[in-house]
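In each ligand, atom 1 is the first atom listed, and ligand 1 is the first ligand listed.
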Amino acid sequence: MLVLGIESSCDETAAAVVADGERVRSSVVASQILTHEKYGGVVPELASREHLRAIEPVVDDACRQAEVTLHQVDAIAVTEGPGLIGSLLVGLVYGKALALSLNKPLVGVNHLEGHIHAVLLENKIDRAAGKSVAEARLPAVTLVVSGGHTSLFYVTCRDGSSARFDYAQLGRTRDDAAGEAFDKVAKLLALGYPGGPVIDKLSRFGDSHAVDFGHIKMRGNPLDFSFSGLKTAVLYRVRGTELAREAEERRAWRRTVDRPSIDDLRGHCSQETINLIASFQHAVVQDLVERTLAAAEEARVDTIFVSGGVACNSLLRQRFAEASRGFQVFFPSPALSTDNAAMIAAAGYYKLLAGERAGISLTAHASFPLGANIHE
Ligand code: KG4
Ligand code: ZN
């Protein structure tokens with residue numbers, strides 16, 4: 001079954017053609033980084049307009065690269081939420097119109113479910129390519145960690161010819177998502193957008209123990225997250241100090257250069273700044289790893305999945321490898337970790353197999369919880 005996936009929940013317009021939920025025939029992602037970088041974050045209205053411009057060429061490109069026509073596609077899977085409503089609507093309406101005009105089945109996919117399926121998809125790709133990786137088996141605890149989300153899920157599968165997946169939310173962020181905290185700290189220090197990859201690369205040159213941010217304490221559910229306090233702690237260490245003056249100089253310099261290299265950027269950062277971001281990254285990663293391992297222990301699973309843009313973080317990958325306490329930890333490749341439509345097509349495939357069909361009333365949801373929250 002050839003599924004055309006469409007994803008437009010935030011600032012990436014993406015389309016992909018995936019065969020039988022496991023062979024990626026094409027995966028096209030049009031990034032809007034250049035549009036949003038001067039604002040240091042996604043501007044929703046601009047994002048919707050960019051999606052409108054990109055959706056048709058991106059879908060065309062996905063079909064061309066997969067060497068199929070739209071008529072040869074068997075079904076369409078589209079992200080229905082959560083995300084920016086204006087952005088979601090572009091992909092959703094486009095997918096709906098395609099399904100109607102081509103008379104193909106349509107299915108709506110939760111973006112978070114897509115991120116979870118990215119891990120399963122990567123595992124199938126790796127195993128088909130003969131890589132010696134273990135099979136990613138369910139049940140698993142999954143950390144979905146990105147610019148918009150930081151949540152823990154318990155994922156099970158009722159196996160059979162049509163695999164049905166069940167999700168329960170174990171915890172979630174009460175304020176900022178981890179990626180959002182990376183982006184805001186990078187904005188404060190004039191390091192560029194998106195902040196995660198820059199902080200990741202610069203932190204390799206810093207001392208991650210230079211600043212002790214302590215543990216993030218949570219009242220209530222210990223599997224919830226909170227990163228806004230950490231972000232504010234960074235702000236207090238910067239405001240009114242030499243680091244703030246240095247950041248303003250860097251901001252002025254950045255306006256004169258187009259996309260500086262990491263070495264260039266490093267040349268414009270004091271060791272104190274680099275130590276501060278390395279310590280910040282360490283605190284975020286430590287918190288993500290500890291809560292995820294605690295969730296896996298509590299849920300008595302052997303397997304952990306980590307997905308979403310922040311899953312690209314090199315320290316996060318390293319810490320999970322070092323501290324995995326016997327759990328098998330699976331990450332998608334960076335291309336499948338960040339927003340993409342192959343994960344939407346893969347998740348949609350199983351829904352289609354299970355007989356799910358969306359009607360003309362399918363609509364977008366800015367807030368769209370996945371699975372029941374076991375603490376509410
Ligand atoms: O999954 P994604 O593409 O979009 C959302 O659904 O949000 O994730 C984007 C987020 C951004 O906040 C970005 O800063 C972060 O993922 N990110 C990283 C890294 N690469 C991307 N954060 C930390 N380290 C990275 N290497
Ligand atoms: Zn995402």
Side-chain angles (χ1 to χ4, degrees), residues 5-14 27 29-33 36-37 39-42 44 47 51 79-84 87-88 91 109-119 142-151 153 172-173 176-189 191-204 206 208 225 227 230-231 262 277-278 280-289 305-320 331-344 347 366-368 370:
I6 297 178
E7 152 66 38
S8 69
S9 64
C10 190
D11 60 340
E12 258 107 26
T13 321
S27 181
V29 181
S31 162
Q32 301 179 3
I33 285 179
H36 302 289
E37 73 177 340
Y39 305 101
V42 178
H51 283 304
T79 305
E80 58 178 319
L84 300 170
S87 293
L88 283 164
V109 174
N110 186 306
H111 181 78
L112 299 166
E113 185 172 15
H115 275 304
I116 294 168
H117 275 268
V119 182
T142 303
L143 170 68
V144 179
V145 60
S146 69
H149 313 280
T150 303
S151 300
F153 296 99
R172 65 183 157 81
T173 182
D176 290 352
E180 191 180 353
F182 272 98
D183 295 340
K184 287 177 175 169
V185 164
K187 185 177 179 181
L188 169 74
L189 291 167
L191 296 172
Y193 174 81
V198 183
I199 290 180
D200 187 357
K201 291 188 191 110
L202 276 179
S203 293
R204 288 173 204 159
S208 61
F225 299 90
F227 296 107
L230 188 56
K231 175 195 67 189
I262 283 296
I277 57 170
F280 159 78
Q281 171 178 266
H282 180 261
V284 174
V285 164
Q286 201 63 16
D287 189 75
L288 292 170
V289 171
F305 293 177
V306 188
S307 189
V310 182
C312 297
N313 186 271
S314 52
L315 184 66
L316 186 73
R317 288 180 181 240
Q318 185 193 323
R319 291 296 299 137
F320 264 118
F331 287 85
S333 60
L336 283 179
S337 295
T338 50
D339 286 351
N340 67 87
M343 68 185 194
I344 302 301
S367 157
F368 194 39
L370 176 66

TODO: Go through the steps for Phe182 and Phe227 under the test side-chain contact (heavy atoms from CB on, under 4.5 Å), then give the verdict.
DONE: CA-CA 10 Å; Phe182 272 98; Phe227 296 107; over 6 Å; no
TODO: Taking all non-hydrogen atoms of both residues into account, name the closest pair between Val42 and His36 and its distance.
DONE: CA-ND1, 3.6 Å
- [ ] Pick whichever of Pro194, Ser203, Gly147, Gly179 has a heavy atom sitting closest to atom 10 (C) of ligand 1.
- [x] Gly147
Open item on the list: Tell me if a side-chain donor or acceptor on Ser8 pairs with a main-chain N or O of Thr13 at a distance below 3.5 Å.
Closed with: no
TODO: State, yes or no, whether a side-chain contact exists between His111 and Leu370 at a heavy-atom distance under 4.5 Å.
DONE: no
- [ ] Give yes or no for whether the N/O distance cutoff of 3.5 Å, strictly under, is met between Asp200 and ligand 1.
- [x] yes
Open item on the list: Looking at Gln32, is its backbone amide N or carbonyl O close enough to the side chain of Asp11 to form a donor-acceptor pair, meaning the two atoms are under 3.5 Å apart?
Closed with: no
- [ ] Show which atoms of ligand 1 fall inside a sub-4.0 Å distance from at least one heavy-atom site of His115.
- [x] 1 (O)
Task: N or O pair under 3.5 Å between Asp183 and ligand 1 - done: yes
Task: Flag side-chain contact, heavy atom, 4.5 Å: Thr150 against Leu288 - done: yes
Open item on the list: Any nitrogen or oxygen of Gly148 lying under 3.5 Å from a nitrogen or oxygen in ligand 1? Just yes or no.
Closed with: yes
TODO: Anything protein N, O or S sitting under 2.8 Å from the Zn ion (ligand 2): count it and give me the total.
DONE: 3
Open item on the list: Using only atom types and a distance under 3.5 Å, with no angle test, would you say the side chain of Lys184 pairs donor to acceptor with the backbone of Gly41?
Closed with: no
Task: Polar atom proximity, Gly196 to ligand 1 (N or O, under 3.5 Å) - done: yes
Task: Per-atom contacts, ligand 1 versus His111 - under 4.0 Å to a heavy atom - done: 6 (O)
TODO: Would you tell me which option among Gly309, Ser9, Gly114, Gly308 has the nearest heavy-atom contact to atom 17 (N) of ligand 1?
DONE: Gly309
- [ ] Report the residues that fulfil side chain to side chain contact (heavy atoms under 4.5 Å, CB included) with Ser307, sequence neighbours left out, ordered by chain and then residue number.
- [x] His115, Ala118, Val119, Pro332
TODO: Enumerate the atoms of ligand 1 whose separation from the nearest heavy atom of Ser146 is less than 4.0 angstrom.
DONE: 1 (O), 5 (C), 6 (O), 7 (O), 8 (O)
Open item on the list: Looking only at distances, can you tell me whether any N or O atom of Thr338, backbone or side chain, sits closer than 3.5 Å to an N or O atom of ligand 1?
Closed with: no
